[in-house]
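Heads up: the structure comes next, in structure tokens.
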Amino acid sequence: MKTSIRIQREDFDLNREVAALAGDGEAGAVASFTGHVRKEKDLSTLTLEHYPHMTEAEIGRLVAEAGTRWPLTGVTVVHRVGALKPGDRIVLVAAASQHRQAAFAACEFVMDYLKTHAPFWKEETRGHEHHWVEHRASDDETAKRWQK
Amino acid sequence: MKTSIRIQREDFDLNREVAALAGDGEAGAVASFTGHVRKEKDLSTLTLEHYPHMTEAEIGRLVAEAGTRWPLTGVTVVHRVGALKPGDRIVLVAAASQHRQAAFAACEFVMDYLKTHAPFWKEETRGHEHHWVEHRASDDETAKRWQK
Amino acid sequence: MTLLYFAWVRQKIGKGEERMAPPAGDVAALIAHLKNLGPNYADAFADLSRIRVAINQHHAGLDAKIGPDDEVAFFPPVTGG
Amino acid sequence: MTLLYFAWVRQKIGKGEERMAPPAGDVAALIAHLKNLGPNYADAFADLSRIRVAINQHHAGLDAKIGPDDEVAFFPPVTGG
């Protein structure tokens, strides 16, 4: 399974990421998820902090677990950090397989666990106010559906 | 709900399609699926034929149904026709929402029904042999899970 | 009535489109009529389990009624995506 | 022992990283030790339901044992993705 996990400030190129997973036809199905900064009243900046090294390690563990659950040919996770604006892309999770349902399930699984396990924190800037985004209990509930 | 359905010979730009759905932050979540021509022994070309007008109409009905089932801000479907090579992209289905699970479910729903309902046919070329791809009964089974 | 044929149905019949004024009835009656037009039609419609039908660009069954202004399409089970 | 703090835990304590040789024990004992170091620590650890822990870059619980060579991180529940 080809695995690529990157934490970076820069944006990513979806065409390139999906092409790398599809290869010359090794995978027939690529499911992707992109998370974007929502437009909200007065929100000017969303700043992402993370725990270097643990982030990559934790996502690596989630991706490896996905590889044991579904027949995947590759998984790519790119998560941005630093200051982002409404509409900016925050995260990409893409999973490739010969089987459509495996690609979808793995993509959703990695995304759900990334939300609950990967050490990132979002701080919102609204006018002169800064505040840390609260973790949502609903994300914990969503992730629980994958428990065996 | 922003809807874009296109049948075309040309490839598509994933960055542009996803950006159009995310807008300036109207949607926080975009789930995408791309189907690619698989590399198989002796397969040189996969040629796609369709039923013009019905294709767009049928996909439009699937997308409208998805819009009644999930809170979506937009859906884009691009399906290529003509002669494709291994690794080439065949289809894009992308669904945008404020909610991650809605985006994933709608994307998978549209893809499943497109496979069983949209009037496309694939012909494989292997050496000097041409043959029409057989419909897979497993696709019908997969689509049945969405029946209410 | 406009008749459309796609994929191997088109290849077996030898054309993609034709206009016709068949006897009134349902899709099954139309197919019975077509099968009498020649061995190419008889070959295309030899196994109805492999034939799908659309009327005016909506999927339909063999028992659907059709009239002179309808567009009726015959094709194999779809294989897109 | 290396201690790391992230997000508002970092802001309340006033630093992101420090080295320390606390008494041996589990994470809960370490937190009790830290809370005695000053009001900034006491504030950061006032509500343990809002604190998450990692030991050597693996999520861990308050009852996990820790030693002098460990990297222990404290942070709020995560909000990435």
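Below, chain A is the first sequence line, B the second, and so on; all start at residue 1.
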Does the side chain of Arg61(B) come under 3.5 Å of the side chain of His58(C) through a donor N or O and an acceptor N or O?
yes
Can you tell if the side chain of Arg50(C) reaches within under 4.5 Å of the side chain of Glu134(B), non-hydrogen atoms only?
yes
Looking only at heavy atoms, the pair that brings Thr79(C) and Val133(B) closest together is CG2-O, 3.4 Å
Would you name the heavy atoms of His135(B) and Pro77(C) that are closest together and state the gap between them?
CB-CB, 3.4 Å
How far does NE2 of His130(B) sit from CD of Gln11(C), to the nearest 0.5 angstrom?
9.0 Å
Is Thr55(B) in contact with chain C via its backbone, its side chain, both, or neither, using a 4.5 Å heavy-atom distance?
neither
Flag yes if more than 12 heavy atoms outside Lys148(B) fall under 6.0 Å of its NZ atom; otherwise flag no.
yes
Above 12 or not: heavy atoms from other molecules or residues under 6.0 Å from CZ of Arg145(B)?
yes
Per-residue tally against chain C (heavy atom, under 4.5 Å) across His117(B), His50(B), Arg80(B) peaks at His117(B)
Angle class for the Trp121(B)/Phe75(C) ring planes (parallel below 30°, perpendicular above 60°, tilted otherwise)?
tilted
Report, as yes or no, whether the 6.0 Å neighbourhood of atom CD on Glu10(B) holds more than 12 heavy atoms from other residues, nucleotides or ligands.
yes
Taking all non-hydrogen atoms of both residues into account, name the closest pair between Gln57(C) and Glu58(B) and its distance.
O-OE1, 4.4 Å
Can you say whether His53(B) sits under 4.5 Å from chain C via the side chain, the backbone, both, or neither, judging by heavy atoms?
both
Interatomic distance, CH2@Trp8(C) vs CH2@Trp132(B), rounded to 0.5 Å, equals 11.0 Å
Could you look at Arg52(C) and say if it's the side chain, the backbone, both or neither that has a heavy atom under 4.5 Å from chain B?
neither
What I'd like to find out is whether the side chain of His59(C) reaches to under 4.5 Å of the side chain of Met54(B), using heavy atoms alone.
yes
